[in-house]
A.B. asks: 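Could you have a look at this structure, given as structure tokens, before my questions?
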Amino acid sequence: MDSTLHFNRTKWKKRPNPPNCKTPLLTFFMLLFCIVFFISSKSLFSTSIFQISTNSKSDFPLQCTTTIGAGGSSENFLWYAPHSGFSNQLSEFKNAILMAAILNRTLIVPPVLDHHAVALGSCPKFRVLNANDLRFKVWNHSIELIIDRRYTSMADIIDLSSLISISAVKFIDFRVFVSIWCGVNINLVCSEDLSKHSSLHESLRQCGSLLSGLNGNVKNCLYASEEDCRMTVWTYQKDGEDGILDSFQAGDELKKKKKITFVRKRRDVHRTFGPGSEAGSASVLAFGSLFTAPYQGSESHIDIHEAPQDQRIQSLIQKIEFIPFVPEIINSGKKFALQTIKAPFLCAQLRLLDGQFKNHWRATFQALKEKLDFLKEKGPLPIHVFVMTDLPMSNWTGTYLGDMAKDSDAFKLFILREGDKLVMDTAKKLVSGGRNAKFQSAKHCNPQSLSDILLFVEETVCSCARLGLVGTAGSTIAESIELMRKNSICSP
């Protein structure tokens with residue numbers, strides 16, 4: 001073992017390594033090559049992967065080179081992401097009209113979404129879907145409605161004629177906008193043989209991703225706002241309020257639990273998104289949710305109730321407080337009240353199965369019972385009652401509704417169903433009515449069915465209830481009916 005060690009040491013000494021004079025030079029050339037390659041690759045990637053953020057028009061996404069407007073002139077648009085039930089969607093639509101007028105943009109009129117197909121979350125709990133994801137969900141559901149031939153435009157349900165006649169704001173149908181901006185034939189989306197157009201769906205997905213803001217903003221083309229109710233309350237022309245803290249903020253316990261680091265600020269929407277701003281030059285301004293509601297002395301997201309310095313907007317605020325259903329719906333509701341009920345009646349709007357309302361049956365039924373007891377004392381009997389509820393008749397047994405149904409001497413009940421001839425005839429009239437011809441629109445994939453028509457007719461019937469309304473506390477449907485009654489929609 002000793003000899004082996006001795007031999008190795010001896011061998012190492014006999015074969016010394018000569019100095020390598022080429023190593024520093026080789027290292028230098030390799031370093032130079034890496035630097036040149038890095039600079040070249042950075043230049044290559046900046047013109048491909050990141051081309052969406054470049055200022056060169058030729059590098060813009062295809063959609064950003066498209067011109068939409070009369071006579072080839074460019075036009076600026078406002079898109080937003082409605083959500084939740086119809087009453088919430090209608091409230092957002094009114095706010096969108098207001099925002100479009102303030103910012104002088106053409107409003108992209110959305111479809112009526114399926115009930116709760118898209119949910120926002122809770123503003124008071126600071127738990128909401130971020131704006132980009134919310135927009136993409138709305139986009140996907142809107143395309144799904146077109147494919148399934150169930151698309152109903154908000155303008156098919158709400159009468160915009162009074163706003164269009166005074167040019168208060170310009171409108172364009174979502175399907176028309178998509179056809180032009182995305183460069184697709186929207187009629188192919190709902191064609192019977194979808195297998196022939198598989199690439200079309202991918203094109204729409206990419207277009208929706210861009211429009212939703214998932215790829216970031218595109219200068220002079222798209223500005224996708226990421227503001228939501230957790231951080232912003234929109235105002236207009238409120239001197240001294242732009243940028244100040246809102247009165248409602250997350251509590252210390254909630255901040256710690258949700259790890260909330262931001263604060264809610266009041267911001268002027270015109271200063272933020274109007275002329276001179278980054279968003280002001282964009283062809284499309286995309287909002288997330290535009291729903292708002294009073295909360296703890298403030299508003300959850302939009303606090304624009306007056307504009308004394310802008311008479312045009314002040315007039316619009318008053319006009320959009322109540323926008324009626326289209327005549328086809330109003331006339332059907334009146335017809336049921338006059339020709340089917342045929343007498344003064346009470347409307348019982350009972351929301352019992354959805355969300356928080358399923359936990360408040362006792363209070364809801366107690367309010368109805370007290371009103372009916374009062375009417376029974378006044379007479380005459382039986383009291384005519386139109387029942388508008390989400391509780392199926394098969395489940396009335398054991399409830400106050402079941403007791404009412406049994407007492408035919410005291411009560412005469414009336415209901416409407418989805419399959420009733422009146423409802424189905426109303427839907428057919430809306431499909432063939434062509435109301436969208438009043439603004440930038442076209443007939444795309446005429447729907448085979450319309451959703452929620454029953455709800456709209458029921459609300460109209462309730463607006464005709466001369467004995468009053470017993471509405472579910474906290475229900476936006478009840479608030480909508482009260483607004484219709486206030487505006488005497490059922491008057492001759």
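Because the structure is a prediction, the values reported are computed rather than measured.
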A.B. asks: Is it true that atom CE of M424 has more than 12 heavy atoms of other residues, nucleotides or ligands lying nearer than 6.0 Å?
C.D. replies: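 Not more than 12 within 6.0 Å, no.
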A.B. asks: Under the ring-ring contact (aromatic ring centres under 6.0 Å, His included) rule, what pairs show up with a residue in residues 112-134, not counting sequence neighbours?
C.D. replies: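 Qualifying pairs, neighbours excluded: F126-F248.
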A.B. asks: Supply the atom-to-atom distance W361 CH2 to R351 CZ, rounded to the nearest 0.5 angstrom.
C.D. replies: 14.0 Å
A.B. asks: Determine whether more than 12 heavy atoms belonging to other residues, nucleotides or ligands lie under 6.0 Å from atom CG of N487.
C.D. replies: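 Yes.
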A.B. asks: Side chains of S289 and H83: do they bring a donor and an acceptor to under 3.5 Å?
C.D. replies: yes
A.B. asks: A side-chain contact here means heavy atoms from C-beta on lying under 4.5 Å apart; do N140 and K137 qualify?
C.D. replies: no
A.B. asks: Can you tell me if K265 has over 12 outside heavy atoms packed within less than 6.0 Å of its NZ?
C.D. replies: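 Counting other residues, nucleotides and ligands, NZ of K265 stays at 12 neighbours or fewer.
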A.B. asks: Taking the side chain as every heavy atom from C-beta outward, state whether L285 and N76 have any atom pair closer than 4.5 Å.
C.D. replies: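 With C-beta onward as the side chain, the pair stays apart.
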A.B. asks: List the atom pairs, donor and acceptor, that lie under 3.5 Å between side-chain atoms in residues 455-466 and the rest of the protein, sequence neighbours left out.
C.D. replies:
residue: E459; atom: OE1; partner: S480; partner atom: OG; Å: 3.0
residue: T460; atom: OG1; partner: F456; partner atom: O; Å: 3.0
residue: S463; atom: OG; partner: T460; partner atom: O; Å: 2.5

A.B. asks: Check whether any side-chain N or O of S488 sits under 3.5 Å from a backbone N or O of S491 as a donor-acceptor pair, and report yes or no.
C.D. replies: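 No, S488 side chain to S491 backbone: no donor-acceptor pair under 3.5 Å.
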A.B. asks: If I take atom CD1 from residue I97 and atom CD1 from residue I317, how far apart are they, to the nearest 0.5 angstrom?
C.D. replies: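 So the gap between those two atoms works out to 12.5 Å.
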A.B. asks: In this structure, which one of F77, F171, W139, W79 forms a ring-ring contact (aromatic ring centres under 6.0 Å, His included) with F177?
C.D. replies: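 The option that passes is F77.
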A.B. asks: Are the side chains of T364 and S475 in touch, meaning some heavy atoms are under 4.5 Å apart?
C.D. replies: no
A.B. asks: For the backbone of Y295 and the side chain of S298, can you confirm whether one donor and one acceptor N or O come within less than 3.5 Å of each other?
C.D. replies: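 It does not hold such a pair.
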A.B. asks: Tell me whether the count of non-hydrogen atoms from other residues, nucleotides or ligands lying under 6.0 Å of CD in E418 goes above 12.
C.D. replies: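 For E418, atom CD is crowded (more than 12 foreign heavy atoms under 6.0 Å).
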A.B. asks: For the pair R135 (side chain) and G208 (backbone), establish whether a donor and an acceptor sit closer than 3.5 Å, ignoring hydrogens and angles.
C.D. replies: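 No, the answer is negative, given that no donor and acceptor are paired below the 3.5 Å cut-off.
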A.B. asks: To the nearest 0.5 angstrom, please state how far the CD1 atom of I166 sits from the OG atom of S315.
C.D. replies: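 Going from CD1 on I166 over to OG on S315, the span is 5.5 Å.
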A.B. asks: Salt bridge check, K369 against D373: does any charged N sit closer than 4.0 Å to a carboxylate O?
C.D. replies: yes
A.B. asks: For the residue pair W234 and F273, is the inter-centroid distance of their aromatic rings smaller than 6.0 Å?
C.D. replies: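 Yes - the distance between ring centres of W234 and F273 falls below the 6.0 Å cut-off.
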A.B. asks: Backbone N or O of A307 within a donor-acceptor pair of the Q237 side chain at under 3.5 Å?
C.D. replies: no
A.B. asks: For a 4.5 angstrom cut-off between non-hydrogen side-chain atoms, does N132 reach S212?
C.D. replies: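 Side-chain contact under 4.5 Å: no.
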A.B. asks: Would you call R150 and D114 a salt bridge, using N to O less than 4.0 angstrom?
C.D. replies: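 Judged by the 4.0 Å cut-off on N to carboxylate O distance, R150 and D114 do form a salt bridge.
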A.B. asks: Nearest 0.5 Å please: distance from the CG atom of L254 over to the CD1 atom of I260.
C.D. replies: 4.0 Å
A.B. asks: F414 vs F345, test: ring pair (Phe, Tyr, Trp, His ring centres under 6.0 Å). Steps then yes/no.
C.D. replies: CA-CA 10 Å; F414 298 85; F345 64 95; 7.7 Å; no
A.B. asks: Under a 4.0 Å threshold between the charged nitrogen and the carboxylate oxygen, would R266 count as salt-bridged to D303?
C.D. replies: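 Looking at R266 together with D303, the answer is yes, because their closest N to O distance falls below 4.0 Å.
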A.B. asks: Let's go through T426 and E328 carefully: what are the C-alpha distance in whole Å and the side-chain angles of both, what is the deciding distance for side chain to side chain donor-acceptor pair (under 3.5 Å) to 0.1 Å, and is it a yes or a no?
C.D. replies: CA-CA 6 Å; T426 305; E328 292 86 344; over 6 Å; no
A.B. asks: Under the 3.5 angstrom rule, does the side chain of K255 hit a backbone N or O of Q249 as a donor-acceptor pair?
C.D. replies: no
A.B. asks: I302 and side chain to side chain contact (heavy atoms under 4.5 Å, CB included): which partner among T232, N95, V233?
C.D. replies: N95
A.B. asks: Under the criterion side chain to side chain donor-acceptor pair (under 3.5 Å), I'd like the reasoning laid out for T235 against E241: C-alpha separation, chi angles, the key distance, then a yes or no.
C.D. replies: CA-CA 8 Å; T235 65; E241 286 197 9; 4.9 Å; no
A.B. asks: Ion pair present between E202 and R205, side-chain N to carboxylate O less than 4.0 angstrom?
C.D. replies: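 Salt bridge present between E202 and R205.
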A.B. asks: Are the side chain of D242 and the backbone N or O of D268 linked by a donor-acceptor pair below 3.5 Å?
C.D. replies: yes
A.B. asks: With a 3.5 Å cut-off and no angle check, do the side chains of E299 and H305 form a donor-acceptor pair?
C.D. replies: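 Judged by distance alone, the side chains do pair up.
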A.B. asks: Roughly how far, to the nearest 0.5 Å, is the OG atom of S162 from the NZ atom of K319?
C.D. replies: 4.5 Å
A.B. asks: Between the side chain of S300 and the main-chain N/O of A293, is any donor-acceptor distance below 3.5 Å?
C.D. replies: yes
A.B. asks: Determine, using ring centers only, whether Y80 and F93 are less than 6.0 Å apart.
C.D. replies: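 Aromatic pair excluded; centres sit 6.0 Å or further apart.
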A.B. asks: Between I146 and S142, is there a side-chain heavy-atom distance shorter than 4.5 Å?
C.D. replies: no
A.B. asks: Looking at L145, is its backbone amide N or carbonyl O close enough to the side chain of D148 to form a donor-acceptor pair, meaning the two atoms are under 3.5 Å apart?
C.D. replies: no
A.B. asks: Counting C-beta onward and ignoring hydrogens, is there a side-chain heavy-atom pair between M404 and V385 closer than 4.5 Å?
C.D. replies: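 Yes - at least one pair of side-chain heavy atoms lies under 4.5 Å apart.
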A.B. asks: Counting C-beta onward and ignoring hydrogens, is there a side-chain heavy-atom pair between L430 and V326 closer than 4.5 Å?
C.D. replies: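 The answer is yes, as the side chains (C-beta and beyond) meet within the 4.5 Å cut-off.
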A.B. asks: With the side chain counted from C-beta on, respond yes when Y400 and L372 share a heavy-atom pair under 4.5 Å apart, and no when they do not.
C.D. replies: yes
A.B. asks: Within a reach of under 6.0 Å around CG of N359, are more than 12 heavy atoms found that belong to other residues, nucleotides or ligands?
C.D. replies: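 Yes, because the 6.0 Å sphere around CG of N359 holds more than 12 heavy atoms from other groups.
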A.B. asks: Given salt bridge (charged side-chain N to carboxylate O under 4.0 Å, His left out), test E75 with R105 step by step and report yes or no.
C.D. replies: CA-CA 8 Å; E75 198 167 337; R105 288 178 174 271; over 6 Å; no
